[in-house]
Amino acid sequence: MGSLKKMDSVERDLKNDSPILYVNGIRRVLPHDLAHFTLLEYLRDIGLTGTKLGCGEGGCGACTVMVSHYDTNLRKTLHYAINACLAPLYSVEGMHVITVEGLGSCRLGLHPIQESLARTHGSQCGFCTPGFVMSMYALLRSSQTPPSEEQIEACLAGNLCRCTGYRAILDAFRVFAKTNNMLYTGVSSTGLQEGQSVCPSTGKPCSCNLDSVNDKCVESVDRHKPTSYNEVDGTKYTEKELIFPPELLLRKPTFLNLTGFGGLMWYRPLTLQHVLDLKAKYPDAKLLVGNTEVGIEMRLKRMQYQVLVSVMHVPELNILEVTDDGIEIGAAMRLSILLNFFRKVVTERAAHETSSCKAFIEQLKWFAGSQIRNVSSIGGNICTASPISDLNPLWMATRAKFRIIDSKGNIKTVPAENFFLGYRKVDLASDEILLSVFLPWNRTFEFVKEFKQSHRRDDDIAIVNAGIRVHLKEHSENWVVADASIVYGGVAPCSLSAIKTKEFLIGKIWDQDMLQNALKILQKDIVLKEDAPGGMVEFRKSLTLSFFFKFFLWVSHQMDGIKESIPTSHLSAVHSVHRPPATGSQDYEIMKHGTSVGFPEVHQSSRLQVTGEALYADDTPMPPNGLHAALVLSRKPHARILSIDDSVARSSPGFVGLFLAKDIPGDNMIGAVVADEELFAVEYITCVGQVIGVAVADTHENAKTAARKVHVEYEELPAILSIQDAINARSFHPNTEKHMRKGDVDHCFQSGKCDRIIEGEVQIGGQEHFYLEPHGSLVWTVDGGNEVHMISSTQAPQKHQKYISHVLGLPMSKVVCKTKRIGGGFGGKETRSAFIAAAVSVPSYLLNRPVKIILDRDVDMMITGQRHSFLGKYKVGFTNEGKVLALDLEIYNNAGNSLDLSLAILERAMFHSDNVYEIPNVRITGRVCFTNFPSNTAFRGFGGPQGMLITENWIQRIAVELDMSPEVIKEINFQGEGSILHYGQILEHCPLSQLWNELKLSCDFVKTREEVDKFNAHNRWRKRGIAMIPTKFGISFTTKFMNQAGALVNVYTDGTVLVTHGGVEMGQGLHTKVAQIAASAFNIPLSSVFISETSTDKVPNSSPTAASASSDMYGGAVLDACEQIKARMEPIASRHNFASFAELVNACYMERIDLSAHGFYITPDINFDWITGKGNPFSYFTYGAAFAEVEIDTLTGDFHTRAANIILDLGYSLNPAIDVGQIEGAFIQGLGWVALEELKWGDKAHKWIPSGWLNTCGPGAYKIPSINDVPLKFNVSLLKGHPNVKAIHSSKAVGEPPFFLASAVFFAIKDAIRAARAETGCTDWFTLDSPATPERIRMACLDEFTSSFLNSDFHPKLSV
């Protein structure tokens, strides 16, 4: 008791100082009751909205900021990037936080980092941009010397971008990698000739200026002038760097005892004794450093902790000492510091002593992103005892010992291998804490190796990991195992030691016999049940064997020269892949039209985006009486609602109201095409995540808490949870069966013309949009509740207007929706954003108060739908020469619980089911499946990619059947000028063959094929593959009435122009292209044209910004308005020679000429009749082709893309720089679809997931491509000399067509797997479902490790 009394007095003595924080150089005193706040919440509350909330779990990097603090041990100021969404506010007390607003601004000048990113087109939607800027800034501030290109790529691993494809971002930041006098390839900037600059893609001088017509670069002459490391006050940057505040240098850390919402207590002790006393007083207290695990537990898993103790400033927990026996590491030591320390130790100690250190270095390199490593502690990682911890298997394998201290100061030592007791259970009493970790040096001929396989290499949790150690001793001319340890993560409730295998190894000679016997024992040692949580049981089994085999080869290779060496063909299993910095080229011609069209202008909002000044829906200041909303969601896939009890919710803090179906003033039935959805469920639930009602409270967190407290009683009903379930049950949406016919398929099959006929199925998984900005709306009433206005993140403001007028019973003329910009959409905000806005409009209208809703990432992913999964069943007849004669195709998509746009998506899949191939006889039947999942919706490509992927699968199968190259089969069957498609449209202006041939030349296909075959012949365990893929994408909405667009153009007397049109800027550069069209129309500079926002009260009845057609349509409407104004101005202009446009405008104004016009455009010559199945549904086609080369690890399924060459026919591009950005972004997003991103639902294939629930509902479980997934060589070309007569200024649409070209990566992977299977004598056709994740790659690569428990046609389960 004495120590507790003493503790109380210490608290009273030390808690007098007010907590302070510097933000962007400004001193701020923190309130004492915000322990529940994250740094992100605080920053956004004080108006610094440049720091974004993307996921809330530290997985996307949108919230990245830099913190600086003075380290008294190192006696220097440390600067590092952190995730503000996870950092507790009080964890940065006494520190300096710099946000993107602290670097530069449009008004005062941009920081060189911001300037470079804006100029190189590295920002599209802009939502992720501040995070990238801050990660790069933190790297530069923390580096004593200019960072390498590898360090730059590594520092960005924790930042995700869904728009750009990353190449432009890398180019922007690459200029900071080298000093001014030795930039890139040894070219001194002083040695550059006049007019030359350095191209970031090639590293060589070039003369890229806008006067050249054929240019491989993207910008003007000053785009990539060398940027020196110390040029922080560049020509466009007026402010110096923010210094570390002198007060914080002098201020010593103080003990903190602060409070938060719900009785939460926050302590920051300064000594070990303080910590022990607190632990004695509060046995259930959670100790934390970075809050990277506790934050997730409290926010996502909703675990309640009442006492949090920050131990970051406790010296005894931060020790890092080298002794004769090993290294002592304090439990609070942060991983990034430990990583750097290990790197230093490796250079200073004997090589044999640091095998463990090297293993930790490699494992830490792939441990989360740098923002997480900068704050995570080893103690937190150890004591969390995660079954997939990357480090715990290594601690166990390396003979590490954990020092544990109790509240009385007693210290005990526990071997790491005995510390982990079960699922998240460790050998710690309630009054004990982990004090430090002791890592012993390695002995001579002791080898330690780390292993990890995850869905994505960068910033991803492990599927299986391992730490393996062996100590060899020479005995009678043999090397014998003296000691060993084999520990796996991801195969049991905690890190698991293979005890029987270890016991077998000891005393055995290190040779092939030992290996084979050890593998047999290992299979019995590590047992995974069929229904093990996490699934992928066969894959995980195979990895345990693969890792041990790799370890055996690695150790044997280390012993090379001492004992018998391993075959050179096996070395590929040993060498880790070194990833060089990605490079790329962009090749296009500039076809000028007037003052702006055709120029590679930067995105008009790019400077606002790089400074964090660009506003999104959630950045809109909340009105004083504003409320927050959260949706009450169903928890069953199919059920009847028995009762709804809101009694507990009503007593929830800050609760204002709960609104259900009975409260809706207008109509509860809504729908994008057919009104088949209830806004709020009344009696029946048809999916998990269906909206039952909306809770409103004073804060976002209180609203969510209230919504969770609404108790719903259900009567469960049978659920349909896959396409196959729907087919079996005949569960199809009404009136959605569609047919297309050409020729006579049955006659062709029966006539004997077909030498061969094949039949098969293709399963294609869905894809999450993962726009970085979640769905959000702010709705408020105007004029006493007579009107309703809103700001929404949507691609279809008119849809919001229509839904809300319908739900509230108001005329559309009284409802206004405005959208400034959105942080990505990709189709996900075309229809599924509207029901969210409609839901919050009900409380806003009834309470006559503003209400805001911003969906959390997990909720957004669960309820708003994804790309449709598809099932295709094909029957194809062809000749022995490879000519396709007949296709009979059944195609199904998984619509979910409402129709939404699923029928139109199915129709487009049917239109594109020929891809680019001439097929004389075609029969296609399509059906839309009703399932008990949230309604799936539009996504870039709109069904087209799924239709084409089915086609490319059977094309490749024909090649296998005939033992021919797939590329040859494609060429034999190419469509051409005048080809009649299966729906009657005739191809015109078809450059397919030219595109294909140019691509073949650019990638030197024949030579590359030879090189790949040679590589595969010499490498048993790594294989390469290549593929070429063509595409033809139809441009137009396939629903005719939607092909219309309006615009309003106002010319002001100062000569500036304000354009408003019905399209939404979502990063695709629509506003920039439209502004270029207006500028060229009036022959004025682009800077004289401004586009403010999209608003339904300016341009009515707009179609959604979708179908890649927006530049065509809205550009045409704006041009129409400009031509009207010019026609009115012409009589005045012809009478005088005006010196400027402004003079002409003033003269017209004085003559009372109308300087405002409404423009309108309809897409001509489109029609289609589903009764006859014939017509011209598309205005024209965008053609493209891509080549990809990949390399796979056949033992783990890991892969990387070595090269990607893309060529696209875009006519005369309106803005080639923006178009190249769209191509790169679409390709990387498509790469995610075919190779990385897998949705896992609770269905028959995944019984370990609750029925109907989405397991992959956040960046922790769902992996979009990261910067490490960019092809090592990434080349993009635009076809030259092919103007498009069908669209504005001879341009072509670009948004969706390149997406499918990423399937080149999929088929290159399949080509590599084919080479692996050939090693075992298996050359038959095999199924590879999409996405080709590491699991699918590994399980398709047959070898001796999988043959004991798999047959050759096994393929992992997929949610379809």
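Since this is a predicted model, take the numbers as computed values, not measurements.
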| Among Ile950, Ile1029, Ile969, whose side chain to side chain contact (heavy atoms under 4.5 Å, CB included) with Ile955 holds? | Ile969
| query | Partners of Phe552 by ring-ring contact (aromatic ring centres under 6.0 Å, His included), sequence neighbours excluded? | reply | Trp510
| message | Within the structure provided, determine whether Gln512 and Leu515 are in side-chain contact (heavy-atom separation under 4.5 Å). | response | yes
| query | Is it true that Glu952 and Lys1310 have a side-chain N and a carboxylate O under 4.0 angstrom from each other? | reply | no
| message | One thing to verify: whether Glu417 and Arg399 come together as a salt bridge, which I'm taking to mean a side-chain N less than 4.0 angstrom from a carboxylate O. | response | no
| field | Parallel, tilted or perpendicular: rings of Trp1248 and His1246 (30°, 60°) | value | perpendicular
| task | Check step by step if ring pair (Phe, Tyr, Trp, His ring centres under 6.0 Å) holds for Trp479 and Phe445. | result | CA-CA 10 Å; Trp479 288 91; Phe445 297 112; 4.6 Å; yes
| message | For Glu1191, is there an ion pair with Lys1023 - N to carboxylate O distance below 4.0 angstrom? | response | no
| query | Taking the six-membered ring for Trp, are the ring centroids of Phe360 and Trp395 within less than 6.0 Å of each other? | reply | yes
| Residues Asn1268 and Arg579: side-chain donor-acceptor under 3.5 angstrom | yes
| query | Would you say the side chains of Thr1256 and Glu768 form a donor-acceptor pair under 3.5 Å? | reply | no
| query | Does the gap between the ring centers of His570 and Trp1021 come in under 6.0 Å? | reply | yes
| field | Donor on one side chain, acceptor on other, Tyr1262 and Glu1237, under 3.5 Å | value | yes
| field | Carboxylate-amine/guanidinium proximity below 4.0 Å for Arg1336 and Glu1238 | value | yes
| query | Are Ser356 and Asn442 linked by a side-chain donor-acceptor pair shorter than 3.5 Å? | reply | yes
| task | Please name all residues satisfying side-chain hydrogen bond (donor to acceptor under 3.5 Å, both in side chains) with Asp513, sequence neighbours left out, ordered by chain then number. | result | none
| message | Closer than 4.0 angstrom, basic N to acidic O: yes or no for Asp1324 and Arg957? | response | no
| ring-ring contact (aromatic ring centres under 6.0 Å, His included) partners for Phe547, two or more places apart | Phe451
| message | Check whether Phe539 forms a cation-pi arrangement with Lys541 (NZ or CZ under 6.0 Å from the six-membered ring centre, at most 45° off the ring normal). | response | no
| Is there a side-chain contact between Glu1189 and Val1305 (heavy atoms, below 4.5 Å)? | no
| Are there more than 12 heavy atoms of other residues, nucleotides or ligands under 6.0 Å from atom NZ of Lys301? | yes
| query | Is the NZ atom of Lys473 crowded by more than 12 outside heavy atoms at less than 6.0 Å? | reply | no
| request: Side-chain contact test, heavy atoms from C-beta onward, threshold under 4.5 Å: evaluate it for Val491 versus Thr544 and give yes or no. | output: yes
| Would you call Phe1199 and Asp1193 a side-chain contact if the rule is heavy atoms closer than 4.5 Å? | no
| request: Identify which one of His471, Lys502, Arg469 satisfies the side chain to side chain donor-acceptor pair (under 3.5 Å) criterion when paired with Asp483. | output: Arg469
| Less than 4.5 Å apart, any side-chain heavy atom of Arg1338 and any of Asp1343? | yes
| task | Using the side chain to side chain contact (heavy atoms under 4.5 Å, CB included) rule, take Gln946 and Trp1233 through it: C-alpha gap first, then chi angles, then the decisive distance, then the call. | result | CA-CA 10 Å; Gln946 292 97 316; Trp1233 173 56; 4.1 Å; yes
| said: Between the side chains of Lys452 and Asp390, is the shortest nitrogen-to-carboxylate-oxygen separation below 4.0 Å, so that they form an ion pair? | reply: yes
| field | Heavy atoms from other residues, nucleotides or ligands near CG of Asn1351 exceed 12 (cutoff 6.0 Å) | value | yes
| request: Using a cut-off of 6.0 Å, state whether more than 12 heavy atoms not belonging to Lys500 lie near its atom NZ. | output: no
| field | Charged N-O contact under 4.0 Å between Lys365 and Glu362 | value | yes
| Heavy-atom neighbours of His1018 NE2 exceed 12 at 6.0 Å | no
| request: Verify whether the ring centers belonging to Phe1345 and Phe549 lie closer than 6.0 Å. | output: yes
| field | Note: Asp1311-Arg1009 ion pair, threshold 4.0 Å (strictly below) | value | yes
| Is it the case that Lys449 places NZ or CZ above or below the six-membered ring of Trp554, under 6.0 angstrom from the centre and within 45 degrees of the axis? | yes
| request: Look at the aromatic rings of Phe870 and His868 and report parallel, tilted or perpendicular, splitting at 30° and 60°. | output: perpendicular
| field | Separation between CD of Glu503 and CG of Asp525, rounded to the nearest 0.5 Å | value | 8.5 Å
| task | Report yes if some heavy atom in the side chain of Gln453 is under 4.5 Å from a heavy atom in the side chain of Pro1334; otherwise report no. | result | yes
| field | Minimum-distance pair of heavy atoms, taken over all atoms of Val876 and Ile958 | value | CG1-CD1, 4.0 Å
